[in-house]
Amino acid sequence: MIHVAMSNLQQFLATYGYWAVFFFVAIESIGIPFPGETMLLVAAIDAGKTHQLSIALIIVAATCGAIIGDNIGFWVGREGGYRVLRRYGRYLGFDERKVKVGIYLFRKHGGKFVFF
């Protein structure tokens, strides 16, 4: 099964090159479980073996994907996170009291939470 997954990642990499690295890392950085780091490893190994891709450009693609994905995830959370949490949070165990405690803690210690 792992061999199949790795060959799929290699096919994406062979077809789309740096764009595959960019999109896989960006999707993972948004917060969606996705094999972004695995794609990065596959790309680095492939660059070392075949020399068809430049390791420097792989780093640039991954960095850009991580920054853009992170910003998209932040924007989604900032614009809709509270509304979604109030509406659907009870299905995940977040009642109104827990949401208020979370808001208080993030306002008081948000920078520490994000850093650590």
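These values consider heavy atoms only, across backbone and side chains, with no hydrogens, waters or symmetry-generated copies. Predicted, not measured: the structure shown is a model, and the values here were computed from it.
- Note that OH of Y16 is 10.5 Å distant from CE of M39, once rounded to the nearest 0.5 Å.
- Listed for the Y18 side chain is a donor-acceptor partner under 3.5 Å among the backbone atoms of S54.
- To the nearest 0.5 angstrom, D46 atom CG is 7.0 Å from Q10 atom CD.
- Under a hydrophobic-cluster definition in which Ile, Leu, Val, Met, Phe, Trp and Tyr are linked whenever side-chain heavy atoms come within less than 4.5 Å, directly or via other members, L57 and I67 are assigned to different clusters.
- For the pair V21/L40, a side-chain contact is recorded, criterion being any heavy-atom separation below 4.5 Å from C-beta on.
- Cluster membership for F94 and V101, using ILVMFWY side-chain heavy atoms within less than 4.5 angstrom, is not shared.
- L41 is not connected to F22 by any chain of hydrophobic side-chain contacts under 4.5 Å among Ile, Leu, Val, Met, Phe, Trp and Tyr, and they are in different clusters.
- L85 and V76 fall into different hydrophobic clusters, where Ile, Leu, Val, Met, Phe, Trp and Tyr side chains are chained together by heavy-atom contacts under 4.5 Å.
- L53 and A47 get closest at one heavy-atom pair: O-CB, 3.4 Å.
- A distance of 12.5 Å separates CG of N8 from CG of L13, quoted to the nearest 0.5 Å.
- Side-chain contact between F12 and V42 is absent, with no heavy atoms from C-beta onward closer than 4.5 Å.
- Listed by first then second residue, pairs satisfying ring pair (Phe, Tyr, Trp, His ring centres under 6.0 Å) with a partner in residues 97-116 read F106-F113, not counting sequence neighbours.
- Counting non-hydrogen atoms of neighbouring residues, nucleotides and ligands closer than 6.0 angstrom, the CZ atom of R87 reaches no more than 12 such neighbours.
- Remark: the backbone N or O of A66 is not paired with any side-chain donor or acceptor of D70 at under 3.5 angstrom.
- Annotation: side chain to side chain contact (heavy atoms under 4.5 Å, CB included) contacts of Y82 (sequence neighbours excluded): R86, E96, V99, I103.
- Atom CG of residue L105 and atom NZ of residue K100 lie 14.5 Å apart, to the nearest 0.5 angstrom.
- Between the CD1 atom of I59 and the OG1 atom of T63 there is a distance of 7.0 Å, given to the nearest 0.5 Å.
- Transitive grouping of hydrophobic side chains (ILVMFWY, heavy atoms separated by less than 4.5 Å) brings Y91 and V84 into a common cluster.
- When the side chain to side chain contact (heavy atoms under 4.5 Å, CB included) test is applied to I27, the partners found at least two apart in sequence or on another chain are I32, F34.
- Here the CD1 atom belonging to I30 is positioned 10.0 Å from the CD1 atom belonging to I68, to the nearest 0.5 angstrom.
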